[in-house]
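Counting starts at 1 for both ligands and their atoms, in listed order. From a predicted model like this one, the values you see are computed outputs, not experimental measurements.
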Amino acid sequence: MDITPQSLVVVANRLPVDAQVTEGTEGRTVTWRPSPGGLVTAMDAVMRSNPGAWVGWCGTAGLELDPFTDDSGRTLVPIPLSATDLEEHYEGFSNASLWPLYHDGVAPPEYHREWWATYEEVNRRFADAAAAAAAEGATVWVHDYQLQLVPAMLRAMRPDLRIGFFLHIPFPPHEIFRQIPWRRQILEGLLGSDLIGFQRKTDASNFRRTLRMQLGMQTQRTFVKVPGTRADEPERLVRAEAYPISIDSADFEALARSPEVQDRAAEIRRELGNPDLLMLGVDRLDYTKGIRHRLRAIGELLDEGELDPTRAVLVQVASPSRGRVELYQAIRDDIESTVGRINGSFATIGHNPVIHLHQPQPREEIVALYLAADLMLVTALRDGMNLVAKEYVASRFDGDGVLVLSEFAGAADELTQAVTVNPYDIDGLKAAIMQAVTMDRSERRRRMRFLRRRVMENDVQAWAHRFLDALTGSET
Ligand code: GDG
């Protein structure tokens, strides 16, 4: 099918919908199920006035599908990925090379030349599709570490486009980034953009410093001077700065206020035996999230009698993630055995101090947990932003609850009234948990008021508009 070129094109690893394939007697039928997430919500707001096109993978390996227009008028352009593409581009170079390295090497990155070759090939496929979907002078917004080569590939084909790139994960210091065998290609890939957005100011400054150190480029404030590649090509100015992402804050608050969710929150506490203290962790099961450090601190506090194992409970939602990458299987085993050890030592008949849920929970259940929890524990070792921290705050319309937040999560830059921790410091983490447990009501409410002002004002719609306004030059 031919695509009508669009003036706004979003390019992301996944489409905002997942294909559901059924094989029947009359052949194959494909239906589409929305796959809601932060990015989809953010773009919904922007695409309402300008439906545009979305280029991404449909969620099923080996499926080749034509572009189509959905109910809201968006053009969806599915990119086919084979099982080998997924293994080498997604699980390999994206999630076993770049992901650990960009998170400061909290796990050892692996490099394989065939992974890199597939990464380039897949990026080329996305860039070609984006070029075909973009109208003359269109704005193209490329997302995340899986697609860092797309901006330069796109610019080479379509110099008329405005190209933006947003990195959802941290950008590491030059000393760490420089170990990538293909570091030059990645930097040049990103520099095809007009605007490169990062979560934190430190990510943007790590990037600009890497360009100075690695490519000898000059930077001025947030701008990078990118020399032309030919003598007749003028220098370009590329902007690299922080645009901290957020959530659909009003939507979380509305869900938390709904009678069903409030009833469920009360019911959760009852089902847990009306504990004096309900602590909560919600993470994708990932080694960057510091789940082990959190469990270690809680285990020691129970051991030392600081927390009463019959009156305190930690609910840890660790939703399955990247289960085919080896390291992720190991972290699951590790967490399950630690939870088993803590419960083995402190459980009584009818009460476990740690509940580990390794199944994805419905969104309503997550919000009910936010509302029920006295303490939210976000102890990431490194995290671009951490939306869970913001979701907890947005859900607490009752003005209560304490957020314990790692200083290594991007959210710590804005949520300065959380109880901040260095999760590597187990004694410090224990002290922070106890500070939160013993905090008096007026102090809790004062801090939550501040946090809520931040999260309710700076929501994901504001984030998307800010980025696009800067990209298209319509900033006020
Ligand atoms: C990347 C960056 C950055 C989790 N379990 C369930 C569930 N979740 C939802 C949470 C939250 C999301 O998943 C996780 O978002 P995070 O921001 O915490 O982390 P990443 O997935 O690593 O996201 C991160 C983000 O991109 C955006 O730029 O903040 O730093 O790493 O929304 O609520 N949702 C449901 N059931 C679960 O079991 N429904």
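Here is the list of ligand 1 atoms found below 4.0 Å of a heavy atom in Tyr370: 33 (O). With ligand atoms numbered from 1 in the order given, ligand 1 contributes 38 (O) to contacts under 4.0 Å with heavy atoms of Pro360. Short contacts between ligand 1 and Val388, defined as distances under 4.0 Å to a heavy atom of the residue, involve ligand atoms 10 (C), 18 (O).
Closest protein heavy atom to atom 21 (O) of ligand 1: Arg284 NE, 2.9 Å. When hydrogens are left out, the protein atom nearest atom 5 (N) of ligand 1 is Ser319 OG, 2.9 Å; that is the closest non-hydrogen contact. Of all protein heavy atoms, the one closest to atom 8 (N) of ligand 1 is Val282 CG1, 4.5 Å. Ranking protein heavy atoms by distance to atom 30 (O) of ligand 1, first place goes to Asp383 OD1, 2.5 Å.
By the criterion of a heavy-atom distance under 4.0 Å, the side chain of Trp99, and not its backbone, is placed next to ligand 1. Of the heavy atoms in Phe166, none comes closer than 4.0 Å to ligand 1. Proximity of Ile366 to ligand 1, defined as any heavy-atom pair under 4.0 Å, is confined to the side chain (atoms from C-beta onward). Contacts of Ile245 with ligand 1, taken as heavy-atom pairs under 4.0 Å, involve the side chain alone.
Screening Arg292, Arg294, Lys289 for a salt bridge (Lys or Arg N to Asp or Glu O under 4.0 Å) involving Asp283 leaves a single residue, Arg294.
In this structure the side chain of Val17 never reaches within 4.5 angstrom of the side chain of Asp70, judged on heavy atoms.
With sequence neighbours excluded, no residue forms a ring-ring contact (aromatic ring centres under 6.0 Å, His included) with Phe126. For Phe223, there are no ring-ring contact (aromatic ring centres under 6.0 Å, His included) partners at least two apart in sequence or on another chain.
Proximity of atom 12 (C) of ligand 1 to the protein is not indicated, since no non-hydrogen protein atom lies closer than 4.0 angstrom. Within 4.0 Å of atom 17 (O) of ligand 1, at least one protein heavy atom is present. Under the 4.0 Å distance rule, the nearest protein heavy atom to atom 27 (C) of ligand 1 falls inside the cut-off. In this structure, atom 1 (C) of ligand 1 is not in close contact with the protein, since no protein heavy atom lies within 4.0 Å of it.
For the residue pair Arg454 and Asp413, the shortest heavy atom distance occurs at NH1-O, 4.5 Å.
Selection from Lys390, Lys289, Met385, His143 by nearest heavy atom to atom 20 (P) of ligand 1 gives Lys289. By heavy-atom distance, the residue among Gln199, Glu391, Arg382 lying nearest atom 32 (O) of ligand 1 is Glu391. Considering Gln359, Gln361, His168, Arg363 only, the shortest heavy-atom separation from atom 35 (C) of ligand 1 involves Gln361.
Note that CG of Asp398 and CZ of Arg445 are 6.5 Å apart. Values are rounded to the nearest 0.5 Å. Atoms CZ and OG, from Phe198 and Ser205 in turn, are 9.5 Å apart once rounded to the nearest 0.5 Å. Taking OG of Ser249 as the start and CG of Asn458 as the end, the distance is 7.5 Å to the nearest 0.5 Å.
Using the six-membered ring where Trp is involved, Phe93 and Trp182 have ring planes that are perpendicular, over 60° apart on the 30 and 60° scheme.
An N or O contact shorter than 3.5 Å links Gly384 to ligand 1 by distance. Checking only distances, Leu387 does come within under 3.5 Å of ligand 1, N or O to N or O.
With no hydrogens or angles considered, no side-chain donor-acceptor pair links Tyr90 and Gln146 at under 3.5 Å.
Remark: distances from the non-hydrogen atoms of Trp463 to ligand 1 are all 4.0 Å or more. Phe252 does not count as a contact of ligand 1, since none of its heavy atoms falls under 4.0 Å from the ligand.
A salt bridge is absent between Arg14 and Asp144: the closest approach of a Lys/Arg side-chain nitrogen to an acidic carboxylate oxygen does not fall below 4.0 angstrom. Using a 4.0 Å cut-off between charged nitrogen and carboxylate oxygen, Glu260 and Arg264 do not count as a salt-bridge pair. By the 4.0 Å N-to-carboxylate-O rule, Glu457 lies too far from Arg452 to be salt-bridged with it.
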